[in-house]
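A short worksheet on the structure shown next.
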Protein chains: 2
Amino acid sequence: MDDGWQIPTVAVTVDLVVLTIRDDQLQVLLVERGIEPYAGKLALPGGFLASETEDIDAAAGRELTEETGLRAKHTHLEQVRTYGAPHRDPRRRVITIGYLAILPNLPEPQAGGDARAVRWTPVGQTLRRRNSLAFDHTRVLSDAVERARAKLEYTTLATAFCGPAFTVADLRHVYEIVWGERLDPRNFHRKVTSVENFLVPTGEHTTKDGGRPAALFRRGTAQTLYPPIMRG
Amino acid sequence: MDDGWQIPTVAVTVDLVVLTIRDDQLQVLLVERGIEPYAGKLALPGGFLASETEDIDAAAGRELTEETGLRAKHTHLEQVRTYGAPHRDPRRRVITIGYLAILPNLPEPQAGGDARAVRWTPVGQTLRRRNSLAFDHTRVLSDAVERARAKLEYTTLATAFCGPAFTVADLRHVYEIVWGERLDPRNFHRKVTSVENFLVPTGEHTTKDGGRPAALFRRGTAQTLYPPIMRG
DNA sequence: ACAAAAGTGTTCGTTCTACACCCATGC
DNA sequence: GCATGGGTGTAGAACGAACACTTTTGT
């Protein structure tokens with residue numbers, strides 16, 4: 001074994017799948033690459049570890065802040081998986097750790113500190129076209145979206161797409177758009193309001209909608225949904 | 001940005017959580033460390049990438065073969081998550097990718113090609129004691145075991161603990177031991193036999209048991225269970 | 001015959017689904 | 001009043017838990 005073998009080291013990046021709902025679509029934050037390889041192609045935002053001692057979760061939070069101007073603390077941010085095929089970056093060996101971030105629909109387009117061209121893009125069309133993204137980012141996006149879809153079933157993750165106060169209909173729209181299927185408004189209402197500590201009434205109500213004002217809620221302390229809300 | 005900054009590189013290991021059922025207990029394969037840090041302590045088997053171009057899944061398969069003598073091809077082996085706290089290894093920066101492997105109970109103790117002292121250890125007592133494992137391996141083990149427990153609910157993973165032919169009771173014992181709870185034999189039988197392509201009858205039956213011979217099955221092609229088999 | 005484990009049938013209560021219906025607002 | 005969406009009630013289907021019961025072996 002000990003025949004002068006040196007421990008190999010590799011470069012490490014974090015790549016972010018930042019999801020939100022805009023214009024009744026599930027959208028992902030993409031950047032246009034300015035340099036080779038894949039110059040001009042769209043890619044997930046991300047980057048190398050800033051130093052040999054930067055924590056990987058901290059690196060993901062730092063990238064999120066750089067791209068969106070938001071603090072990671074108030075955002076859902078979780079690791080999905082790591083991609084380490086040898087030639088996924090043609091320049092050199094790079095493994096990347098994929099993260100899923102979920103934001104509410106922001107009033108203004110993100111004003112990142114970074115000068116790169118950054119844009120919201122519908123997830124559906126991005127996944128439908130092969131090779132629409134640089135590197136293996138289509139796979140990274142696909143895995144993260146599937147994670148999000150699955151977690152809506154048995155966790156309270158859907159509230160991460162909503163602002164501080166939201167209606168039951170807002171929450172239902174999250175499910176409908178992320179899953180791409182219609183849910184019965186009446187049964188959905190009963191399900192979510194009967195889970196303990198999922199939704200906390202603020203006492204406020206919406207105004208100026210087409211119909212009866214809806215009660216406003218904020219996130220409760222519950223992290224898991226039991227019973228789960230299942231897809232079709 | 002481009003002020004002479006060098007891309008930092010880090011060492012990468014894969015660590016394996018190899019689970020099996022022995023003596024009616026969920027057990028994990030551990031090695032006794034021979035060198036500092038944590039010399040004499042138990043740790044998960046694993047090791048550094050063999051070269052700068054080794055695929056990480058291939059590295060996990062290689063480590064599995066080195067430790068158990070088994071080909072990864074016939075074993076369930078999946079990535080769980082990556083651990084990258086800066087000082088998780090006191091010597092140098094190392095990030096590790098945790099993998100979950102599941103084996104049937106082997107007739108003989110594993111005869112690995114590696115000379116290190118390797119042993120099966122019950123998972124329950126290992127997780128109960130803090131600091132029973134080196135590095136952050138208690139966390140890695142915990143995450144992998146929770147992954148296995150969760151996947152029994154909605155996938156056919158339980159068959160990975162069984163040999164090529166098994167009875168419904170064998171499969172139920174897997175669930176009972178991994179989950180640590182009793183299941184009704186009659187209802188369990190109905191559930192698993194009614195999932196399409198989960199269990200394929202071999203036509204053979206057990207002999208020399210206390211009661212009526214049980215039909216033998218082998219794995220079918222189904223990967224997911226619908227409806228799921230839920231924990232309490 | 002008896003014990004033991006495999007496998008089937010049945011009952012009962014819960015949950016899901018579909019939809020009728022009432023409520024509260026803007027116009 | 002009427003349209004619009006919020007929210008509640010309810011009947012029927014589907015599902016799961018509990019358990020009586022039958023089947024097939026070994027001793």
Side-chain angles (χ1 to χ4, degrees), chain A residues 24 152-154 158-159 162-163 165-177 179 181-196 198-218 220 222 224-232, chain B residues 24 152-154 158-159 162-163 165-177 179-196 198-218 220 224-232:
Chain A
D24 289 337
L152 291 200
E153 290 191 328
Y154 60 94
T159 60
C162 300
F166 53 89
T167 67
V168 172
D170 292 336
L171 192 66
R172 180 166 48 82
H173 290 321
V174 170
Y175 277 86
E176 291 183 333
I177 287 163
W179 284 350
E181 65 185 51
R182 291 300 218 166
L183 300 174
D184 184 291
R186 290 85 57 121
N187 293 333
F188 183 84
H189 187 282
R190 214 187 334 253
K191 277 187 188 177
V192 297
T193 54
S194 64
V195 175
E196 294 285 308
F198 182 17
L199 304 180
V200 180
T202 65
E204 308 280 308
H205 288 258
T206 54
T207 61
K208 293 185 192 277
D209 270 335
R212 171 176 170 177
L216 284 167
F217 297 87
R218 54 182 171 76
T224 61
L225 294 185
Y226 196 81
I229 301 173
M230 303 289 278
R231 286 177 278 187
Chain B
D24 288 338
L152 291 199
E153 290 190 328
Y154 60 94
T159 60
C162 299
F166 53 89
T167 68
V168 172
D170 292 336
L171 192 65
R172 179 166 48 83
H173 289 323
V174 170
Y175 277 86
E176 291 183 333
I177 288 163
W179 283 351
E181 65 185 50
R182 289 300 217 167
L183 300 174
D184 184 291
R186 289 89 54 130
N187 293 334
F188 183 85
H189 188 282
R190 215 187 336 251
K191 277 187 189 177
V192 296
T193 53
S194 65
V195 176
E196 294 285 306
F198 183 17
L199 303 181
V200 179
T202 64
E204 308 281 307
H205 288 257
T206 54
T207 60
K208 292 186 193 277
D209 270 334
R212 171 177 169 175
L216 284 167
F217 297 87
R218 54 182 171 75
T224 61
L225 293 184
Y226 195 81
I229 301 173
M230 304 288 277
R231 287 178 276 188

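Keep in mind it's a predicted model, so treat the numbers as computed, not measured. Chain identifiers are assigned alphabetically (A, B, ...) following the order of the sequence lines, protein sequences preceding nucleic acid strands; residue numbering begins at 1 within each chain. Only this structure's heavy atoms are used, side chains among them; waters, hydrogens and symmetry mates stay out.
Atom CD of B/E196 has 12 or fewer neighbouring heavy atoms from other residues, nucleotides or ligands inside a 6.0 Å radius.
Contact annotation: the side chain of B/H205 never approaches that of B/T207 to less than 4.5 Å [non-hydrogen atoms, C-beta and beyond]. A 4.5 Å side-chain heavy-atom check between A/F198 and A/T159 finds at least one atom pair inside the cut-off.
No option in A/V195, A/V192, A/L152 other than A/V192 meets the side-chain contact (heavy atoms from CB on, under 4.5 Å) test with A/I229.
Within the nucleic acid shown, A/P185 has no heavy atom closer than 4.0 Å to any nucleic acid atom.
Considering only side-chain N and O atoms, A/H189 lies under 4.0 angstrom from the phosphate OP1 or OP2 of D/dT8. At D/dA17, one or more side-chain N or O atoms of B/K191 fall inside 4.0 Å of OP1 or OP2 (strictly under the cut-off).
With D/dG6, D/dT8, D/dC19 as the choices, the nucleotide that has an atom nearest any side-chain atom of A/R186 turns out to be D/dT8. Among C/dC19, D/dG7, D/dG6, the nucleotide with an atom closest to any side-chain atom of A/A169 is D/dG6.
Going from atom CG of B/L216 over to atom C1' of C/dA6 covers 12 Å, rounded to whole Å. Atom P of nucleotide C/dT11 and atom CG of B/N187 are separated by 15 Å, given to the nearest angstrom. Protein atom CD1 of A/I229 is 11 Å distant from nucleotide atom P of C/dT17, rounded to whole Å. If you measure from atom CG of A/D170 to atom P of D/dG7, you get 11 Å, rounded to the nearest angstrom. With rounding to whole Å, A/E204 atom CD is found 14 Å from C/dT25 atom P. When the C1' atom of D/dC21 is taken as reference, atom CZ of B/R212 falls 12 Å away, rounded to whole Å. The CE-P distance, from B/M230 to D/dA17, rounds to 10 Å in whole Å. In this structure, B/D184 places its CG atom 14 Å from P of C/dG7, rounding to the nearest Å.
Nearest heavy-atom pair across B/A158 and B/Y175 is CB-CE1, 3.5 Å.
Mapping A/P213 and A/R190 onto DNA chain D via the closest heavy atom, the residue that lands nearer the 5' end is A/P213. Residue-to-nucleotide proximity on DNA chain D shows that, of A/F217 and A/G210, the 5′-proximal contact is made by A/G210.
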